[in-house]
Asker: 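What follows is a single structure, and I will ask about it in a moment.
Atom set for the values below is all heavy atoms of this structure, side chains included, hydrogens, waters and symmetry mates excluded. Residue numbers start from 1 in every chain, and the chains themselves are labelled A, B, ... in the order their sequence lines are given, proteins ahead of strands.
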There are 2 protein chains.
Amino acid sequence: MNTILSNLKIKVNEKIYVKDPETSPLGKKIVEKSILLIDEIGFDNFTFKKLGEKIGSNESSIYRYFENKHKLLVYLSSWYWSWMEYKLVFATTNIVDPKEKLNKAITIVTEKITDNANTEHINEFILNKIIIAEFTKTVQTKEVDQENKEGFFLIYKRVINRIVGIVKEVNPEYPFPKSLVSTIVEGSLHQHFLTEHLKTITDCNESVSTTEFYLNLAKNVLR
Amino acid sequence: MNTILSNLKIKVNEKIYVKDPETSPLGKKIVEKSILLIDEIGFDNFTFKKLGEKIGSNESSIYRYFENKHKLLVYLSSWYWSWMEYKLVFATTNIVDPKEKLNKAITIVTEKITDNANTEHINEFILNKIIIAEFTKTVQTKEVDQENKEGFFLIYKRVINRIVGIVKEVNPEYPFPKSLVSTIVEGSLHQHFLTEHLKTITDCNESVSTTEFYLNLAKNVLR
DNA sequence: GCAAATATAATAGTATTACTATCAATAACG
DNA sequence: CGTTATTGATAGTAATACTATTATATTTGC
């Protein structure tokens, strides 16, 4: 899979950026180093000025790619969920048994990323850390309805609904497939966060356990 | 219950504030109006200057109560979860059957607040809206470990673990009680958010449905 | 190979945010 | 009635979140 992914260009909604960062070395550097810097100091403390210093480039140059740091985070999230979608499709095609397919899908979206799947300038391991720590901030803003209308969260919603399709195959009678999947996807990010920071309210302790919890949950709910 | 609650003073960790807002009219006004203003413009756009204008008071006076807006939000959250804890305790004492007790508990924490339980200066209906929209921001910061050590999230964790106790009564064999409860509590806030803003990835549409979904989920998982 | 177009860097500047400090005015309390 | 605590007003600083302008590279198209 690695080789396939390394050749694949992940498409992100054009409205998210001013100029496509994939089209220039500086753009790629912005993406690459912003991931590292957000992980290092947190999104709240992250500024374009600090990023400029980090990449030896000018603040104003970064503004030519992204309007503001919020949009940059939306871009990184979109990239992440787009990447997830590819992983999902790859892992589930040709599997006939719906239950097995669902287990694969849940595993993909709930497991912690431990390896870096060699996309040249994007460190998936660290990007996953950012998504765990900051993803809800991309949607939880006053502008969510406007941005949703503009398609900023399309890929995320598509990932959810792809899994919803599998859930319906497993049990067409189950009345809450969408809520179940959005609970699993969002919830697993939250469980990873708790594992790291608020250990007393989670049973998950390594990468395996969060996935185990949700595999068990889905099995029980859909039988 | 309303009358009991209106007499009750909810206790919040002293480290969260500079001066206890409950001890003065200005303090109460800060709490009251900050809830309205955060709901109105969102936490990201909320500033002490704007709040000062809104309450006809000086920015610097607000700083005498709260170090910064983050701490104010942590205060509001603590108040909210403390209130939840009271509601939980009231609704579940004297119920013998663990299953019934759990159903009551899940209902309390997952239902949308529709009435204002007459705490003089706090509008619980709007506070609930803020928690839905902004709660994760209180924990998802770079300072979470330090603040957790200082006990900023104690009440929240106590609410979770109180319900965990009931889950264990219902099914002592179930291996993930903490993750289940933290998924339900956090997840229900998320579902309420989706219902409001990203309707295509949730089945919940009114207050009832979110609770129904989680009641059903818990029943299936714990049988 | 050179002109034209494009991308980047450097600098400056503005409005807002997130505070801190100081001092005067007022209210509360014993 | 005087002390103390509380609030208000003003000022000031450093950082943030940008925008605008101009100079300098770099690319590319003919």
Asker: Whether A/Tyr65 contacts C/dT8 is assessed here as follows: a side-chain N or O lying under 4.0 Å from the phosphate OP1 or OP2. Is that the case?
Answerer: yes
Asker: Quick check for you: among D/dA17, C/dT11, C/dA7, whose closest atom lies nearest to any side-chain atom of A/Asn58?
Answerer: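 Nearest nucleotide to the side chain: C/dT11.
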Asker: May I ask you to decide whether A/Glu40 forms a salt bridge with A/Lys54, counting only side-chain N to carboxylate O separations under 4.0 Å?
Answerer: yes
Asker: Check A/Phe66, A/Tyr80, A/Tyr65 against A/Tyr75 for a ring pair (Phe, Tyr, Trp, His ring centres under 6.0 Å) and give me the one that passes.
Answerer: A/Phe66
Asker: Among C/dA10, C/dT22, C/dC19, which nucleotide has an atom closest to any side-chain atom of A/Arg64?
Answerer: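 Per side-chain heavy atoms of A/Arg64, the pick is C/dA10.
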Asker: Strictly below 4.0 Å: does B/Lys49 bring a side-chain N or O up to OP1 or OP2 of C/dA15?
Answerer: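 The answer is no; no side-chain N or O of B/Lys49 sits under 4.0 Å from OP1 or OP2.
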Asker: Could you check whether B/Trp81 and B/Phe135 have their ring centres less than 6.0 Å apart?
Answerer: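 Yes, the ring centres sit under 6.0 Å apart.
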Asker: Mind calculating the distance between CZ (B/Phe43) and C1' (C/dT17) to the nearest angstrom?
Answerer: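 Taking CZ of B/Phe43 and C1' of C/dT17, I get 13 Å after rounding.
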Asker: Regarding B/Glu67, tell me which of base, sugar-phosphate or nothing describes its non-hydrogen contacts under 4.0 Å with the strands shown.
Answerer: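 The answer is sugar-phosphate, as B/Glu67 gets under 4.0 Å only of primed atoms, P, OP1 or OP2.
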Asker: Taking the side chain of B/Leu26 as its heavy atoms from C-beta onward, which of D/dA17, C/dC19, D/dT7 lies nearest to it?
Answerer: D/dT7
Asker: Please check the phosphate of D/dA17 (OP1 and OP2 only) for any side-chain N or O of A/Lys50 closer than 4.0 Å.
Answerer: no
Asker: Output yes when at least one side-chain N/O atom of B/Ser24 is less than 4.0 Å from OP1 or OP2 of D/dT7, else no.
Answerer: yes
Asker: Figure out the CG/P separation between A/Leu51 and C/dA9, and round it to whole Å.
Answerer: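 Taking atom P of C/dA9 as the reference, CG of A/Leu51 is at 12 Å.
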Asker: Which one, C/dT8, D/dA9, C/dC19, comes nearest to the side chain of B/Ser60?
Answerer: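 Of the candidates, D/dA9 comes closest.
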Asker: Looking at A/Ser57, I'd like to know whether one of its side-chain N or O atoms comes within less than 4.0 Å of OP1 or OP2 on C/dA9.
Answerer: yes
Asker: Which class fits the ring pair B/Phe46 and B/Phe48: parallel under 30°, tilted 30 to 60°, perpendicular over 60°?
Answerer: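 Aromatic pair B/Phe46/B/Phe48 classed perpendicular.
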Asker: When all nucleic acid strands are considered with a 4.0 Å heavy-atom cut-off, which category describes B/Lys19: base, sugar-phosphate, or nothing?
Answerer: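 Since only primed, P, OP1 and OP2 atoms lie under 4.0 Å of B/Lys19, the category is sugar-phosphate.
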Asker: Atom CD of B/Glu53 and atom P of D/dA9: how far apart are they, to the nearest Å?
Answerer: 12 Å
Asker: Quick one: is A/Ser61 getting a side-chain N or O under 4.0 Å of the C/dA9 phosphate, OP1 or OP2?
Answerer: yes
